[in-house]
Amino acid sequence: MSASFIPKSDFLSVLMERGYIHQCSDFEGVDAKAKAGELIAYIGFDCTASSLHVGSLVQIMMLRWLQKTGGKPVPLMGGGTTRVGDPSGKDESRRMLSLDDIEANKTSIKQVFSKFLTFGEARTDAVMPDNAEWLTALNYIDFLRDVGRHFSVNRMLSMDSVKMRLERDQELSFIEFNYMCLQAYDFVELHRRYGCLLQMGGSDQWGNIVTGIDLGRRMGAPQLYALTSPLLTTASGAKMGKTAAGAVWLNADMLPVYDYWQYWRNTEDADVGRFLKLFTDLPMDEIRKLEALAGAEINEAKKILATEATAMLHGRELAEAAAQTARQTFEEGSLATSLPTVEIAASELAAGIGVLSAFVKAGLVPSTGEARRQVKSGGLRVNDAPVTDERAQLSNADLMGEGVIKLSFGRKKHVLLAPRA
RNA sequence: GGGGGAAUGUCCCGAGCGGCAAAGGGGGCGGACUGUAAAUCCGCUGGCUAUGCCUUCGCAGGUUCGAGUCCUGCUUCCCCCA
């Protein structure tokens with residue numbers, strides 16, 4: 001990024017100050033459009049799953065800031081490209097999704113976007129097109145004649161993503177090779193339909209985005225722009241968005257609000273400042289104060305990060321509730337009845353149930369074998385007392401005053417077992 | 001078309017004279033230490049109605065008391081020659 005560049009637009013000022021920018025094809029150009037309030041930008045999202053996860057959050061936030069600073073965000077659903085199936089995962093030819101699945105995924109994903117963006121008809125309202133709208137209608141011959149002739153295979157071969165695969169003798173299917181053409185075409189089509197001038201994305205998308213700019217020029221569109229965000233890893237090098245249980249989903253039905261709050265609460269010290277800037281709306285001077293906290297005090301900053309990030313996605317009320325649950329569980333050591341609860345038939349409990357299978361039922365461990373091992377290393381607790389006997393039985397006698405049994409796996413994962421009549 | 005290699009624990013990489021639930025990493029999980037952090041150290045890392053039973057080494061057969069290991073056929077991938 002050019003260090004000397006000083007943006008005049010709110011959009012670029014915010015993005016630069018908060019660390020969203022890795023590369024931009026033309027800072028002055030984007031700045032001028034943003035300043036003039038003419039900036040319409042898109043980011044592509046694939047819809048292979050029914051929810052986006054934390055890995056997409058930087059992108060979503062960029063669209064959010066665009067809207068807040070007077071631009072029009074266009075989250076593009078990759079319904080068309082999903083239909084082809086993405087072959088880039090080395091060998092497993094990923095199964096193609098049915099049209100119904102894709103539609104269901106789109107609906108589910110749009111729910112998340114509507115938390116971050118305002119949709120509608122007004123000038124800065126977001127729109128969510130699906131590239132299936134134009135890609136499926138394409139005629140192969142027409143596409144080759146009108147679009148395909150603008151692509152230079154020589155250049156495509158020299159792109160890093162392709163070159164790497166060739167050098168490693170890795171399979172590169174024709175479909176995959178065509179992905180960049182389709183993505184480039186999306187850009188041109190979005191300009192045609194919505195006057196979209198800028199494509200944003202992760203830094204790995206740079207090549208594809210620039211290819212789109214190039215195609216635009218050849219097909220008579222005005223100057224288009226590219227802006228990428230840095231690839232996010234935690235300070236210790238792990239990819240964002242993965243935890244023990246799997247991906248950190250944004251939809252509440254795939255990841256409870258409490259778990260989402262916990263994800264942010266467990267941020268590494270070294271990441272707190274960076275994450276506050278990227279994943280909350282807090283003003284910069286407040287963030288500067290928070291990230292200056294040292295030692296154990298930085299935990300306060302982590303709580304704020306967790307609550308703010310959660311509030312943006314799930315609402316203030318649920319975020320505060322999650323914070324409250326955590327406070328009771330970790331700081332006061334009291335029983336928070338708002339912990340995730342798993343129900344069990346009252347008759348089953350009355351008859352007595354093995355501790356091991358109780359933990360499996362609660363979803364804390366995947367198998368009784370794993371539960372058995374965890375008992376040996378002291379990782380399981382019932383009502384805060386370590387499980388020492390793997391043959392122990394749980395029954396009504398273990399119900400606490402609140403009528404539940406608290407099962408804990410490790411220091412942080414807690415579930416309440418509640419009898420159901 | 002001809003010749004030569006490869007496929008291993010459902011996260012990945014990877015060893016494996018016919019006695020193997022299968023070495024070693026990475027990753028992950030748990031414990032200790034802390035601050036619900038990082039770093040470090042220790043343990044664990046097929047399933048079950050569990051001193052036993054069941055399922056695993058590309059697929060299908062065969063030889064053998066016994067096969068990841070040997071034989072045959074097949075599938076997929078890679079390399080060299082054409």
Side-chain angles (χ1 to χ4, degrees), chain A residues 87 89-95 165-173 233-248 258-276 290-307 309-310 322-334 336 339-340 348 351-382 384-393 407-415:
Chain A
K90 281 180 295 196
D91 40 10
E92 76 278 14
S93 47
R94 206 175 297 171
R95 88 195 158 86
R165 299 284 283 280
L166 294 179
E167 277 165 8
R168 288 188 196 158
D169 280 322
Q170 276 178 351
E171 171 77 5
L172 178 67
S173 79
T233 53
T234 67
S236 31
K239 258 192 196 161
M240 281 286 294
K242 289 207 181 158
T243 66
V248 180
Y258 173 74
D259 289 347
Y260 189 74
W261 192 93
Q262 281 297 328
Y263 172 75
W264 294 108
R265 170 67 247 259
N266 287 312
T267 297
E268 296 176 26
D269 287 8
D271 288 327
V272 173
R274 202 159 51 106
F275 286 4
L276 279 167
L290 289 172
E291 69 181 334
L293 295 173
E297 292 201 325
I298 202 161
N299 280 323
E300 293 310 313
K302 291 185 189 180
K303 289 177 206 164
I304 293 172
L305 167 65
T307 303
T310 306
Q324 168 72 10
T325 303
R327 199 174 311 124
Q328 291 178 333
T329 307
F330 289 95
E331 293 174 28
E332 298 164 14
S334 63
L339 282 170
E348 195 177 352
I353 175 174
V355 248
L356 300 181
S357 47
F359 275 89
V360 175
K361 272 194 183 20
L364 287 169
V365 293
S367 68
T368 58
E370 175 65 14
R372 205 177 305 273
R373 279 177 226 117
Q374 290 301 344
V375 168
K376 286 199 188 93
S377 49
L380 302 186
R381 276 165 296 136
V382 173
D384 295 319
V387 177
T388 48
D389 177 12
E390 58 182 53
R391 293 169 170 249
Q393 296 273 313
L407 302 180
S408 309
F409 173 45
R411 282 267 95 85
K412 300 178 190 170
K413 276 159 283 186
H414 310 278
V415 165

What's the NZ-P distance between A:Lys376 and B:G30, to the nearest Å? 17 Å
With B for base contact, S for sugar-phosphate-only contact and - for none (protein heavy atoms under 4.0 Å), nucleotides 42-47 of chain B reads --SS-S
So which one's nearest nucleotide on RNA chain B is more toward 5', A:Gly379 or A:Tyr258? A:Gly379
Please give, in whole Å, the distance from B:A37 C1' to A:Lys412 NZ? 8 Å
A:Glu332: partners by salt bridge (charged side-chain N to carboxylate O under 4.0 Å, His left out), with sequence neighbours left out: none
I'd like to know if A:Arg391 reaches the base of B:A50 with its side chain, counting only an N/O donor and acceptor under 3.5 Å. no
Please state the C1' separation for the pair B:C29 and B:G62 - nearest whole angstrom. 43 Å
Measure the distance from CG on A:Leu293 to P on B:A38 and round it to the nearest whole Å. 18 Å
Using a 90° cut-off around 0 for syn, call B:C59 syn or anti. anti
In whole Å, what separates the P atom of B:G28 from that of B:A38? 11 Å
Between A:Val360 and A:Arg381, which is nearer to the 5' end of RNA chain B once each is assigned its nearest nucleotide? A:Arg381
What is the distance, to the nearest angstrom, from the CD atom on A:Glu331 to the P atom on B:A37? 13 Å
Indicate, yes or no, whether a donor-acceptor pair under 3.5 Å links the base of B:U36 to the side chain of A:Gln262. yes
Roughly how far apart, to the nearest Å, are B:C20 and B:G16 at atom P? 16 Å
Would you indicate whether the side-chain heavy atoms of A:Leu290 and A:Leu305 approach each other to under 4.5 Å? no
Which nucleotide, if any, forms a Watson-Crick or G-U wobble pair with B:A60, using both distances under 3.5 Å? B:U72
Starting at atom NZ of A:Lys361, determine the distance to atom P of B:U49, rounded to an integer number of angstrom. 10 Å
Pairing residues for A:Glu297 by the salt bridge (charged side-chain N to carboxylate O under 4.0 Å, His left out) criterion, not counting sequence neighbours: none
Tell me: NZ of A:Lys303 to C1' of B:U36, nearest whole Å? 10 Å
Looking at the side chain of A:Trp261, which of B:A37, B:U36, B:A50 is the nearest nucleotide? B:U36
Could you work out, with side chain to side chain contact (heavy atoms under 4.5 Å, CB included) as the rule, every residue matching A:Val360, not counting sequence neighbours? A:Val365, A:Thr368
Identify the nucleotide, in any strand shown, that forms a Watson-Crick or G-U wobble pair with B:G43, with both distances under 3.5 Å; if there is none, say none. B:C29
Under 4.0 Å, counting only non-hydrogen atoms across every strand here, what does A:Arg327 touch: a base, just sugar-phosphate, or nothing? nothing
Do A:Val382 and A:Leu407 come close enough that some side-chain heavy atom pair is under 4.5 Å? yes
Residues two or more places apart in sequence or in another chain: which of them pass salt bridge (charged side-chain N to carboxylate O under 4.0 Å, His left out) with A:Arg265? none
Watson-Crick or G-U wobble partner for B:G1, using a 3.5 Å limit on both distances? B:C81
Taking the C1' atom of each, how far is B:A67 from B:U56, in whole Å? 14 Å
Audit row: A:Val387, A:Phe359, side chain to side chain contact (heavy atoms under 4.5 Å, CB included) steps and yes/no: CA-CA 11 Å; A:Val387 177; A:Phe359 275 89; 4.3 Å; yes
Could you state the CG-P distance from A:Leu356 to B:G30, rounded to the nearest angstrom? 17 Å
Sugar-phosphate only, base, or nothing, as touched by A:Thr329 at under 4.0 Å among non-hydrogen atoms: nothing
What integer number of Å spans the P atoms of B:U8 and B:C70? 16 Å
Quick one: list whatever passes salt bridge (charged side-chain N to carboxylate O under 4.0 Å, His left out) with A:Asp269, sequence neighbours left out. A:Lys302
Between A:His414 and A:Phe330, ring centroids under 6.0 Å: yes
Taking OP1 and OP2 of B:G30, is either one under 4.0 Å from a side-chain nitrogen or oxygen of A:Lys413? yes
Please report the distance, rounded to the nearest Å, between CD in A:Glu390 and P in B:A50. 11 Å
C1' gap between B:A7 and B:C59, integer Å: 11 Å
For B:A15 versus B:C65, give the span between their C1' atoms, rounded off to a whole number of Å. 28 Å
Contact class for A:Arg265 vs. all strands (heavy atom < 4.0 Å): base, sugar-phosphate, or nothing? base
Looking only at atom C1', what distance separates B:U75 and B:A37, rounded to whole Å? 50 Å
Looking at every strand, decide which applies to A:Leu380 at a 4.0 Å heavy-atom threshold: base, sugar-phosphate, or nothing. nothing
